[in-house]
J.: 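First, the structure itself, so that you have it in front of you.
Treat the numbers as computed from the prediction; the structure is a model and nothing was measured.
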Amino acid sequence: MEEGSVGKTIGKSTSSSSHGTEGPQGLSRRPSRSAATTTFSLEVFDNEVVPSSLQQIAPILRVAAEIQNDRPRVAYLCRFYAFEKAHRLDQSSNGRGVRQFKTALLQRLDRDDAPSVAARVKKTDAREIESFYKQYYENYVKALDQGEKADRAQLGKAYQVAGVLFEVLCAVNKSEKAEEVPADIIASAREVEANQVLYAPYNILPLDSAGESQCIMQFEEIKAAVSALRNTRGLNWPPSVDQQQQKSGELDLLDWLKAMFGFQKDNVRNQREHLILQLAQPHARLVPKPEPSNKLDDRAIDVVMNKLFKNYKTWCKFLERKHSLRLPQGSEEGKQRKLLYMGLYLLIWGEAANVRFLPECLCYIFHNMAYELHGLLAGNVSIVTGENIKPSYGGDDEAFLRKVITPIYRVIDKETKRSKNGKAPHSAWCNYDDLNEYFWSADCFALGWPMRDDGDFFRSTRDMAQGKQSSNKAGSLGKSYFVETRSFWHTFRSFDRLWTFLLLALQIMVILAWNDVPISKIFDKEVLYKLSSIFITAAFLRVLQSLLDMILNFPGYHRWKFTDVFRSILKIIVSLAWSIALPLCYIHQNDNISLPFGKVEDILSSLNQFERIPSLYLMAVALYLLPNLLSAALFIFPMLRRWIENSDWLIVRFLLWWSQVPTFSYYPFF
């Protein structure tokens, strides 16, 4: 390790130390700080409580804590190397808690320097750590490496410790300008580095070659899922993939997806394990049992696939688009294609981060990437270039994260800042649901693939990149279907049925009390005539509800379709018409008021037995209550409701359009 500014700074700060001894020879002078300048406990390093921006030094500090009692000087060297590495990661100490952490670490190094030098076995720090590395390699790594009988967890931990020790050893040797690292140590370090890959940490399934003897890998359903994923026959690998790995069978379908679409390595490892367990569970429950049991059955694949793509297929149906799940005729080829589609969806989900809160956005991403996957497998040729179709975003390392997820995340981050920690009005910024609603309309396909930077979805981040002040609504995507306006009227609008019931019940009780009607005379014609006025009150309350729907949703109308705005206006007009028609029909008497209804009254003559209640008013009330009666019938008979929601009759579609806004969240069976 070269001596940089950090080494010079430490040398200056330690020149006035009370101990007056140097740190690691040549590495840099040991640090010294007053105990009054820190609020960190000296034990935080042993517990790996390090700032999030310095997580790379956590393994080094963990090794130092483990070997503190055996070799204090080696532990000191590890902590000193961790400090210099932390300084390189954050030189200005801008990260959260970094300055306090560095101060506490300086104090710990100041405290341990003299005692660790006294306990040193060898003359120099380089010899000290070389001897300890050899000792650790022989007594721990070699002793634990017993082939299939080895304790995998302990051996993996020993390889990690040996790797950290070698890293610190090289830094100390370079800083002291000592002779080169001995050849036997370099050879052992290369062996440790190679085995670290084999004994890498895992969640549930040890899928590397060293884990094949583990008990969980002996289950037939696990073997069947692993074998199915490793069937890469017929896939064209990019030149960047090692041909020896292709021929040895080490790579599987998810490795191919990683190479083609640029997913992260750790994401591939996690989703490989996820998919294997998802496939193994239904395979183990199949009745009758598949033969042979170590071959993945198509029924198990279909179970997982139907669950995984249920929302995606519903989304495609709602937008009237054909889904991108194109399956070939052959059995083995079809099974491979299904596994590729499922692997692609899980890899998208696993790397989506906060975009997971936009499920229909994930459907849009998968829809386009699955179409590209079909083109890759079918060997389709681009009309523009005349070459085989390639993924739009390439297969570079982390290409999917950088080019697909990051731009969408910036939109989320920009809208979050608009909220001003929740103080801004809801109409001034978009939350997850508002951004997700952009993909509830077929207009989202105007975004294209690869996604256009000038699309409406990226409006806020585009204005920010161009240096525009986008604090107003013009720089935001805007609301789609619902905008919450802060008002006490929401108390009525959100619980309109409850308030309507309470007000109508109050009106009935006032009528009965005002006229001093006993319970036995409630069903008298005159009393019923007065009580029937509650329908007029209900009509006026309906007008109020329609007006509140229009006013409280007004900030979102700039993104509504014309038919949706027309529906809201038409509801107000109809409710106003009922609030006028019902009172006119109520006060109409056959003997003193003549209304131009003509033959209608003759048809209603059969209702004249209700002398005090005009027959026309009864018919008007029946028509007014008809939608409510229909809603009650659909609620009581849900099968009838499902049949109506899937009907193509124009009158049925009109009634559904009238009753609710046709958004994806209200789509049938969703």
Side-chain angles (χ1 to χ4, degrees), residues 197 200-208 225-226 228-232 234-243 245-246 249-279 301 304-305 308-309 311-312 324-326 336-377 388-412 449-451:
V197 179
Y202 63 93
N203 297 321
I204 300 176
L205 300 177
L207 295 173
D208 48 64
V226 172
L229 283 181
R230 289 180 177 173
N231 177 25
T232 59
L235 299 180
N236 295 322
W237 294 83
S240 58
V241 180
D242 186 7
Q243 294 185 356
Q245 287 184 319
Q246 300 177 30
E250 299 177 9
L251 305 178
D252 59 13
L253 299 179
L254 272 69
D255 290 313
W256 184 81
L257 290 172
K258 171 185 177 296
M260 300 305 296
F261 295 99
F263 294 106
Q264 295 183 85
K265 178 179 66 175
D266 291 333
N267 177 38
V268 172
R269 290 179 55 216
N270 290 334
Q271 299 310 320
R272 176 185 293 115
E273 190 170 324
H274 184 188
L275 182 56
I276 289 174
L277 293 175
Q278 287 285 350
L279 294 170
I301 298 178
V304 180
M305 192 169 182
L308 203 59
F309 296 119
N311 184 50
Y312 167 67
S324 298
L325 303 175
R326 316 291 171 82
Q336 183 191 69
R337 188 72 61 88
K338 292 177 182 178
L339 293 175
L340 284 171
Y341 283 134
M342 289 189 287
L344 177 62
Y345 187 85
L346 291 177
L347 290 173
I348 293 172
W349 179 87
E351 212 157 314
N354 290 41
V355 184
R356 295 174 189 169
F357 296 110
L358 311 178
E360 281 66 66
C361 177
L362 292 184
C363 290
Y364 177 82
I365 295 173
F366 173 79
H367 181 79
N368 291 280
M369 294 184 70
Y371 183 79
E372 289 184 338
L373 175 61
H374 171 71
L376 289 171
L377 298 174
N388 290 338
I389 290 180
K390 297 180 180 179
S392 299
Y393 291 102
D396 301 334
D397 290 341
E398 300 184 357
F400 178 76
L401 178 65
R402 290 184 288 104
K403 300 178 181 179
V404 180
I405 298 301
T406 300
I408 299 176
Y409 179 80
R410 286 177 182 152
V411 175
I412 299 174
W449 193 265
M451 294 181 289

J.: Examine distances only and state if a side-chain atom of Arg402 and a backbone atom of Asp397 form a donor-acceptor pair shorter than 3.5 Å.
T.: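 Side chain of Arg402 to backbone of Asp397: a pair is present.
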J.: Tell me if a side-chain donor or acceptor on Glu351 pairs with a main-chain N or O of Phe263 at a distance below 3.5 Å.
T.: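 Between the backbone of Phe263 and the side chain of Glu351 there is no qualifying donor-acceptor contact (under 3.5 Å).
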J.: Counting C-beta onward and ignoring hydrogens, is there a side-chain heavy-atom pair between Thr232 and Trp237 closer than 4.5 Å?
T.: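 Yes, side chains in contact.
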J.: In the structure I gave you, are the side-chain heavy atoms of Trp349 and Gln271 within less than 4.5 Å of one another anywhere?
T.: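 Yes, side chains in contact.
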J.: Using salt bridge (charged side-chain N to carboxylate O under 4.0 Å, His left out), reason through Arg269 and Asp266 one step at a time and then give a plain yes or no.
T.: CA-CA 5 Å; Arg269 290 179 55 216; Asp266 291 333; 3.5 Å; yes
J.: How many angstroms lie between CG in Leu346 and CZ in Phe366, if you round to the nearest 0.5 Å?
T.: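 Reported value, rounded in 0.5 Å steps: 9.5 Å.
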J.: With sequence neighbours excluded, tell me which residues meet side chain to side chain donor-acceptor pair (under 3.5 Å) with Tyr312.
T.: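 Side chain to side chain donor-acceptor pair (under 3.5 Å) list for Tyr312, sorted by chain: His367.
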J.: Distance from Cys361 atom SG to Ile405 atom CD1, nearest 0.5 Å?
T.: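 Interatomic distance, Cys361 SG to Ile405 CD1, rounded to 0.5 Å: 7.0 Å.
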J.: Hey, are the side chains of Asn311 and Glu360 touching, using non-hydrogen atoms and a 4.5 Å cut-off?
T.: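 Yes - at least one pair of side-chain heavy atoms lies under 4.5 Å apart.
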J.: Any side-chain heavy-atom pair from Gln264 and Phe400 closer than 4.5 angstrom?
T.: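 The answer is no, as the side chains (C-beta and beyond) never meet within the 4.5 Å cut-off.
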J.: Could you tell me which non-hydrogen atom of Leu229 sits nearest to which non-hydrogen atom of Ile276, and how far apart they are?
T.: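 That would be CD1-CG1, 3.4 Å.
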J.: Would a 4.5 Å heavy-atom cut-off, applied to side chains only, mark Leu205 and Val226 as touching?
T.: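 Not touching, per the 4.5 Å side-chain cut-off.
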J.: For Phe357, look at atom CZ and say whether over 12 heavy atoms of other residues, nucleotides or ligands are found less than 6.0 Å away.
T.: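 Counting neighbours around CZ of Phe357, 12 or fewer heavy atoms of other residues, nucleotides or ligands fall under 6.0 Å, so no.
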J.: Are the side chains of Leu373 and Met369 in touch, meaning some heavy atoms are under 4.5 Å apart?
T.: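 Not touching, per the 4.5 Å side-chain cut-off.
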J.: For Leu253 versus Ala228, what's the shortest heavy-atom pair and its separation?
T.: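 Closest approach of Leu253 to Ala228, heavy atoms only: CD1-O, 4.1 Å.
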J.: Considering non-hydrogen atoms only, spot the tightest contact between Phe261 and Ala399 and give its length.
T.: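 Here Phe261 and Ala399 meet closest at O-CB, 4.3 Å.
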J.: Applying side chain to side chain donor-acceptor pair (under 3.5 Å), can you list everything that pairs with Glu372, at least two apart in sequence or on another chain?
T.: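 With neighbours one apart ignored, the set is Ser392, Trp449.
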J.: Is there a side-chain contact between Arg272 and Asp255 in this structure, where contact means two heavy atoms from C-beta onward sitting under 4.5 Å apart?
T.: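 In short, these two side chains touch, coming nearer than 4.5 Å.
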J.: Around atom NZ of Lys403, are there more than 12 heavy atoms from other residues, nucleotides or ligands closer than 6.0 Å?
T.: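 Yes.
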J.: CG of Asn267 to NZ of Lys258: how many Å apart, nearest 0.5 Å?
T.: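 These two atoms lie 10.5 Å from each other.
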J.: With a 4.5 Å cut-off on side-chain heavy atoms, are Val304 and Lys338 touching?
T.: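 Heavy-atom side-chain distance check fails, nothing below 4.5 Å.
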